[in-house]
Amino acid sequence: MSAAGDAGAGAEGERLQKVLARAGFGSRRLSEELIADGRVTVNGEVAELGRRVDPLRDEVAVDGVPAAVRPGLVYYLLNKPRGVVTTASDPQGRPTVVEMVPTEPRVFPVGRLDVDTEGLLVMTNDGDLAFRLTHPSHGVEKAYLAEVAGHPSPAAVRRLREGVALDDGPTSPARVSLTPPNALRLVLHEGRNRQVRRMCEAVGHPVVRLVRYRIGPVTDSSLAPGTWRVLERSEVRSLQEAAAGARPGRR
Ligand code: URA
């Protein structure tokens, strides 16, 4: 097999267009066009038609966005119910998100939701994507529906939008809207511990129920609580793009 860093098109490895097609970039023909158009890099260098790669070692990117070319990667979308913990095991014996999806290959949650929070959670064995999606500098947006105590005033909503002081620092500007009397939609780029709960508490409206309904571009209102599905390749791709593109300053 060609090692990472091999220059040019060795006779070993798999054809790049085949690897790209398998990773969801359309037919081999379309993948060839991507290569011919100079949109594909292997280990940082623009690839030429005829290039072969080792999908286990070579880093393939399309338009600068890393492509999930390693075989055996799986991506699930789980609708976590309330009462389930976002860890692999729980000393208190509560159900875990890992028990709610297939056990082979082993996957882990991307980020976390509090035990009392419901909603969408990506689970995967793709450590690169997980790292990029959760890294604070990437700021992939997440959307929440919070049912809160009391009736938030326009001033409270404005404070949530502009940033509230928390004990670990002020929150960044967020998109927040109110559906009267007590349902808030919050779209955040940050992912601090219990952030939505702490923000709402800080403006005097503790959260009664919290649901995450979107992660970057991925949403699914028909996925029942406690069920999961495999993410479409196009969804994985759009998550890759969100993780690569959502940098501070482009929010
Ligand atoms: N914010 C919270 O407060 N809890 C979550 O689970 C996610 C975001």
Side-chain angles (χ1 to χ4, degrees), residues 76-90 92 94-101 107-124 129-150 152 156-157 159-179 182-221 223-228 239 242-243 246 248 251:
Y76 305 134
L77 184 67
L78 171 70
N79 186 349
K80 180 185 113 47
R82 195 174 190 140
V84 175
V85 292
T86 313
T87 49
S89 69
D90 182 49
Q92 296 174 44
R94 292 170 295 186
T96 72
V97 290
V98 170
E99 292 161 9
M100 307 198 80
V101 296
V107 294
F108 47 86
V110 178
R112 64 185 294 280
L113 291 176
D114 302 330
V115 63
D116 286 335
T117 303
E118 304 156 55
L120 300 182
L121 188 68
V122 171
M123 302 199 51
T124 182
L129 179 62
F131 173 77
R132 281 182 282 111
L133 278 176
T134 50
H135 199 279
S137 68
H138 295 160
V140 172
E141 66 178 28
K142 300 180 188 80
Y144 300 88
L145 182 60
E147 208 177 291
V148 295
V157 174
R159 278 184 66 201
L160 290 169
R161 274 191 199 128
E162 290 173 358
V164 293
L166 298 180
D167 52 14
D168 52 356
T171 60
S172 300
R175 293 207 305 280
V176 181
S177 60
L178 172 70
T179 305
N182 67 341
L184 290 166
R185 278 177 199 272
L186 302 96
V187 182
L188 308 184
H189 289 271
E190 299 175 292
R192 293 195 236 163
N193 192 28
R194 298 179 69 80
Q195 182 165 348
V196 174
R197 291 175 193 278
R198 290 190 294 141
M199 287 171 71
C200 293
E201 177 98 42
V203 298
H205 298 281
V207 166
V208 176
R209 183 178 177 210
L210 183 59
V211 180
R212 180 158 72 188
Y213 64 91
R214 185 164 63 74
I215 303 167
V218 172
T219 188
D220 187 343
S221 57
L223 192 65
T227 66
W228 61 274
L239 279 175
R251 290 176 185 178

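Whatever order the structure lists them in is the order used to number ligands and atoms, beginning at 1.
For Arg209, the CZ atom is loosely surrounded, since the number of other residues' heavy atoms within 6.0 Å does not exceed 12.
Contact annotation: the side chain of Thr117 never approaches that of Val211 to less than 4.5 Å [non-hydrogen atoms, C-beta and beyond].
Remark: the Asn193 side chain and the Arg112 side chain contain an N/O donor-acceptor pair separated by less than 3.5 Å.
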Show, in sequence, the C-alpha distance, side-chain angles and deciding distance for Val98 and Met123, and conclude whether the side chain to side chain contact (heavy atoms under 4.5 Å, CB included) test is met.
CA-CA 8 Å; Val98 170; Met123 302 199 51; 4.1 Å; yes
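For the pair Arg185 and Tyr213, the distance from NZ or CZ to the six-membered ring centre is under 6.0 Å and the angle to the ring normal is within 45 degrees.
Pocket lining of ligand 1, defined as residues with a non-hydrogen atom under 4.0 Å away: Leu113, Asp114, Thr117, Tyr144, Arg194, Gln195, Val196, Arg197, Leu210.
Of the charged side-chain nitrogens involved, none lies within less than 4.0 Å of a carboxylate oxygen, so that Arg197 and Asp116 do not count as a salt-bridged pair.
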